[in-house]
Visitor: 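After the structure tokens below, expect a handful of questions from me.
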Amino acid sequence: MEEDKKIFEIKKEIPKFLKDNLDEEQLDAVINSNGNSLIIAGPGSGKTRVITYKIAYLLSQGVKPSEIMLVTFTRAAAKQMTDRIRNVTDQDLTGITAGTFHHVCNGILRRYAKAIGYENNFSILDSEDSKDLLKIIRNEYKEGMGEDAKKFPKESVIQKVISYASNTLKSIRESILEIAPYLIDYENDIEHIWGNYQEMKKNINAMDYDDLLVNTAHLLSFNKKALNDIASKYKYVLVDEFQDTNKIQLEIVQAISSYSKNLIVVGDDSQSIYSFRGARYENIEEFIKRDDTKLFKIQTNYRSTPNIVSFINNMLPNNSVEKNLKSVRKEYVKPNIIETFDDLEQSEAVIKIIEEKIDQDVDLNEIAVLYRSHALSMTLQQKLDSQQIPYRLLSGKRFIETKHIKDVLSFLKILYNPYDNISWNRSLKLFSGIGVKTATDIYKSITSQFKEGINMLEAFKNSKLKKFKEAYEFYKKLFEKDKNKPDEIINFIFNEFYKEYSNLTFRNSASRNMDIERFQDISSQYESLMKFLEEMTLSENITVKSAERDQKEDQITLTTVHGAKGLEWKVVILLSVNPGDFPNGMAIKEKKLDEEERLFYVAITRAKDELYILKQITGSTNPFMSNSYVFVKKEYDFIKNIPENLVETFKTSYKY
DNA sequence: CTTTCTGAGATTTTT
DNA sequence: TCTCAGAAAG
């Protein structure tokens, strides 16, 4: 009763634009969230709307855009929200800070780089760059090992340990014990490589993804002036997708909001799916437990039909904060479970569903196929190709991570940061006759001269590079180019060198060449090399991928469940819900099923009208899983836990 | 000594 | 499709 009264009282004085557009739960969250507030937003409950109107409300109360920080999970989400705020308020939002954690930290670090021992034109290493740098360091280390080198763990294993340590923000030692205990003999070696890696990044004036976060947290905790500048600037800090933040990200926003004391976080604990990247499910739990935290729940589901919502409520992951979603839509059809024989039959069943939807005039853009891992979509991709059903892929290698794009980019990166040994190595090795050894020698000789003040062209002349005529001429011309015209540089790289290399190297050179031309198009929107490179490493795939294909084209979507976060479709088809595939084999092995349950929850909550869940009676399609897990199958079968009355179950006719 | 060629083996999720 | 180690070729 008291709750109702509170809302009623508020309602009298709230601006009309809020009253007209929000339900009571949403309104309460928008108006009353301040101080430390946690808004738990169930799937499809209008979370984006709440954040949008919260900021619109703040602006209507006289808060300036520059006093607001909005941290989102993807760049696209930030853009979507600021566009909507602009529509609602008609305000000029210049000055608002809106972006991912990495964008926000990058902005801060550019200003305070010197304070933590960096130059402010530091480069940012993406995960591929980090791998390359590790490779260089490992090779150097191995050289000094003599006979022992042969027994030394493979590069990929070291890479795994280090990236695990880095992503989960654990120590190297812990990581070795956790993911590769048999490497304990090499513990010191791996730690040594890790130490070199850290040192090398500093030497070449580069930060990786983790450094952006760690260094920002460090800056804010040890540099009183920086903290004061930043924390006094922001009156409100809002964080979206809070369930997927890690420890350091929490530290950062706490520091930034430490003056204003207004930290408003929004998320859904049931949708926390990034623990492999260090996301802490506990961030939400701990936030709730604080004495001064205000808790809001918005749980009306506007997205899905009651049939799907009942199903969702039944599949709430273990350890979730109590939730009961209510649907406001009309009854439609129950979710379908389809049992097929194997992978091939599964693909045929999917094609059949899609063709049926096409007959019913469902827009292809409203259909999505989701899966646990990218490899599970391979058979279906072939089938879709042969049936000529157009699709766009959100999973798989990012455009920016493909070899040809990385190669072209490496030349630009040298121009930006001549000490970037990763890019020197990569680009030099493209020329015939130059391998690891020669590339390293050339890099060392050129940069050491460069450090002594000798200019780049002079340095070329005095190095081994001179022996390789083609490469020498090419780099010489490259260094004479105008650095702030990335598209001209790419055009030069492609036409003078890479086109030929591509045609000789790749079977599918035609499509790769087209990618590079597209890449050149994208680059023409940037007038500085720094901005262009920053955007390329910090922005998620969608920005680049959407340029890759014409979005208006009618096509279905194929993506991993991770890639489907925050999206919705009328028809959702979920592939391979078999123990070993989904839940994933590693998760079963380590008995870490909580996160898999949450992933399943994310998957099924993407559907607006129709949901199809497919499984195969042959079980896991993963060959490494085949025998050892068969006997535990039932225990880990998501489908076994589904109450029969909530779904329709079908079996396709087994033809094999 | 270094690079290039060859065939076998592997594959969670990503800012 | 991509990586890796060993063999063959500069």
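Throughout, protein chains are lettered first and strands after them, A, B, ... in sequence-line order, and every chain is numbered starting at 1.
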Visitor: Between dC2(C), dT13(B), dT3(B), spot the one nearest the side chain of Arg512(A), thanks.
Guide: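 Of all the options, the side chain of Arg512(A) is nearest to dC2(C).
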Visitor: Which of the following nucleotides, dT15(B), dT12(B), dT3(B), is nearest to the side chain of Arg372(A)?
Guide: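 Looking only at side-chain atoms, Arg372(A) lies closest to dT12(B).
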Visitor: Would you please determine if the base of dT13(B) is stacked by Phe276(A), with stacking meaning a centroid separation under 5.5 angstrom and planes under 30 degrees?
Guide: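 Here the ring of Phe276(A) and the base of dT13(B) are stacked, with centres under 5.5 Å and planes under 30°.
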Visitor: Measure from NZ on Lys135(A) to P on dC4(C) and round the result to the nearest Å.
Guide: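 From Lys135(A) NZ to dC4(C) P: 6 Å.
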Visitor: Return whichever of Gly435(A) or His562(A) has its heavy-atom-nearest nucleotide of DNA chain B closer to the 5' end.
Guide: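 It is Gly435(A), whose closest nucleotide lies nearer the 5' terminus.
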Visitor: Please identify which of these residues, Ile252(A), Ile108(A), Val104(A), Thr97(A), meets the side-chain contact (heavy atoms from CB on, under 4.5 Å) condition with Ile230(A).
Guide: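 When side-chain contact (heavy atoms from CB on, under 4.5 Å) is applied between Ile230(A) and each of Ile252(A), Ile108(A), Val104(A), Thr97(A), only Ile108(A) qualifies.
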Visitor: Distance check needed: dT14(B) P versus Glu128(A) CD, whole Å only.
Guide: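 Those two atoms, CD and P, are 13 Å apart.
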Visitor: Atom NZ of Lys160(A) to atom P of dT12(B): distance rounded to whole Å?
Guide: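 Going from NZ in Lys160(A) over to P in dT12(B) covers 6 Å.
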Visitor: NA contact type, Ile273(A), heavy-atom cut-off 4.0 Å: base, sugar-phosphate, or nothing?
Guide: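 The residue Ile273(A) makes no contact with any strand.
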Visitor: Could you state the atom-to-atom distance from CG of Asn584(A) to P of dT14(B) in whole Å?
Guide: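 Result: 12 Å.
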Visitor: Counting distance alone, no hydrogens or angles: does the base of dT14(B) have a donor or acceptor under 3.5 Å from a partner atom on the side chain of Arg277(A)?
Guide: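 Answer is no: no donor-acceptor pair is held.
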Visitor: At under 4.0 Å between heavy atoms, what does Val561(A) touch on the DNA or RNA strands: base, sugar-phosphate, or nothing?
Guide: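 Contact class for Val561(A): none.
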Visitor: Rounded to whole Å, please give me the gap between CD in Glu401(A) and C1' in dT15(B).
Guide: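 Taking CD of Glu401(A) and C1' of dT15(B), I get 10 Å after rounding.
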Visitor: Relative to each other, are the rings of Phe431(A) and Phe411(A) parallel, tilted or perpendicular (30° and 60° limits)?
Guide: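 Taking Phe411(A) first and then Phe431(A), their aromatic rings stand perpendicular (interplane angle over 60°).
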Visitor: Should Thr560(A) be listed as having a side-chain N or O under 4.0 Å from OP1 or OP2 of dT12(B)?
Guide: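 Looking at the OP1 and OP2 atoms of dT12(B), neither is under 4.0 Å from any side-chain N or O of Thr560(A).
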Visitor: To the nearest angstrom, how far is Phe73(A) atom CZ from dT14(B) atom P?
Guide: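 Roughly 10 Å, once rounded to whole Å.
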Visitor: Is the distance from OP1 or OP2 of dT15(B) to the nearest side-chain N or O of Thr537(A) less than 4.0 Å?
Guide: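 Thr537(A) to dT15(B) OP1/OP2: no side-chain N or O under 4.0 Å.
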Visitor: In this structure, how many angstroms lie between the C1' atom of dT13(B) and the CG atom of Asp594(A), rounded?
Guide: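 From Asp594(A) CG to dT13(B) C1': 16 Å.
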Visitor: Distance check needed: dT15(B) P versus Phe101(A) CZ, whole Å only.
Guide: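 Taking atom P of dT15(B) as the reference, CZ of Phe101(A) is at 15 Å.
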Visitor: Nearest to the side chain of His374(A), which nucleotide is it out of dC2(C), dT13(B), dT3(B)?
Guide: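 Comparing dC2(C), dT13(B), dT3(B) against the side chain of His374(A), the answer is dT13(B).
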Visitor: Any donor-acceptor pair under 3.5 Å linking the side-chain atoms of Asp594(A) with those of Asn319(A)?
Guide: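 Side-chain D/A pair, Asn319(A) to Asp594(A): present.
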Visitor: Let me know which of Ile248(A), Thr537(A), Ile124(A) forms a side-chain contact (heavy atoms from CB on, under 4.5 Å) with Leu212(A).
Guide: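 Among Ile248(A), Thr537(A), Ile124(A), the one meeting side-chain contact (heavy atoms from CB on, under 4.5 Å) with Leu212(A) is Ile124(A).
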Visitor: Specify the closest pair of heavy atoms between Ala439(A) and Ile434(A), including all atoms of both residues, with the distance to one decimal.
Guide: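 Residues Ala439(A) and Ile434(A), closest heavy atoms: N-CG2, 3.8 Å.
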